[in-house]
Amino acid sequence: MIEQWPAWDTELFLTLNGWGVSWLDQVMLLFSTIWLWIPLYALIAFFIFKKFPLTQAVIFMAACVVGVVLTDQGSYWMFK
């Protein structure tokens, strides 16, 4: 099953790319902007701070930020 994922991914990419619809380009550009995702991140942070004590929430959020930064920069330098 896992061996088929790259083929499915390639097939989906080629299918979406082959449609040639211009509005889909605009949708993809919208989803790639950071401003669209800030409300979602704020909502997640709100629920984390609501559920956990302050020190645990801060540690968890800091660990998440460090993890995102490391994976983002790591993938940037690995694929550059």
Side-chain angles (χ1 to χ4, degrees):
M1 175 104 177
I2 287 181
E3 297 83 21
Q4 292 178 328
W5 286 2
W8 291 341
D9 181 55
T10 302
E11 184 178 336
L12 178 64
F13 174 75
L14 292 175
T15 300
L16 290 175
N17 201 17
W19 284 350
V21 289
S22 60
W23 65 267
L24 194 55
D25 292 339
Q26 297 303 317
V27 170
M28 296 303 170
L29 285 174
L30 176 68
F31 282 140
S32 66
T33 62
I34 192 170
W35 302 110
L36 177 75
W37 299 104
I38 288 178
L40 175 66
Y41 299 148
L43 187 65
I44 291 170
F46 170 76
F47 284 122
I48 288 172
F49 280 100
K50 186 176 178 181
K51 180 165 177 64
F52 297 107
L54 182 62
T55 55
Q56 285 182 341
V58 168
I59 290 170
F60 180 74
M61 293 296 291
C64 287
V65 168
V66 168
V68 167
V69 168
L70 287 177
T71 55
D72 179 56
Q73 291 301 310
S75 65
Y76 172 76
W77 289 106
M78 187 183 324
F79 295 117
K80 183 175 179 183

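Any value given below was found using the heavy atoms of this structure, including those in side chains, with hydrogens, waters and symmetry copies removed.
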Atom pair CG/CG of D25 and L30 - distance to nearest 0.5 Å: 12.5 Å
Whether over 12 other heavy atoms sit under 6.0 Å from F60 CZ: no
Residue I38 excluded, over 12 heavy atoms near CD1 under 6.0 Å: yes
More than 12 heavy atoms from other groups under 6.0 Å of CH2 on W23: no
Separation of I48 CD1 from C64 SG (nearest 0.5 Å): 5.5 Å
ILVMFWY cluster membership beyond V69 - transitive side-chain contacts under 4.5 angstrom: V65
Intermediate values then yes/no, side chain to side chain contact (heavy atoms under 4.5 Å, CB included), M61 and V58: CA-CA 5 Å; M61 293 296 291; V58 168; 5.9 Å; no
CD (Q56) with more than 12 external heavy atoms under 6.0 Å: yes
Side-chain donor or acceptor of W37 paired with backbone N/O of F31 under 3.5 Å: yes
Joint cluster assignment, V21 & M28, ILVMFWY side-chain distance < 4.5 Å: yes
Verify same cluster id: L12, V27 (apolar side-chain graph, 4.5 Å): yes
Considering all heavy atoms, the nearest P39-L36 contact: CD-O, 3.5 Å
Path from V66 to Y76 over hydrophobic side-chain contacts below 4.5 Å: no
Path from Y41 to I59 over hydrophobic side-chain contacts below 4.5 Å: no
Hydrophobic cluster identity match, F47 and F49, side-chain contacts under 4.5 Å: no
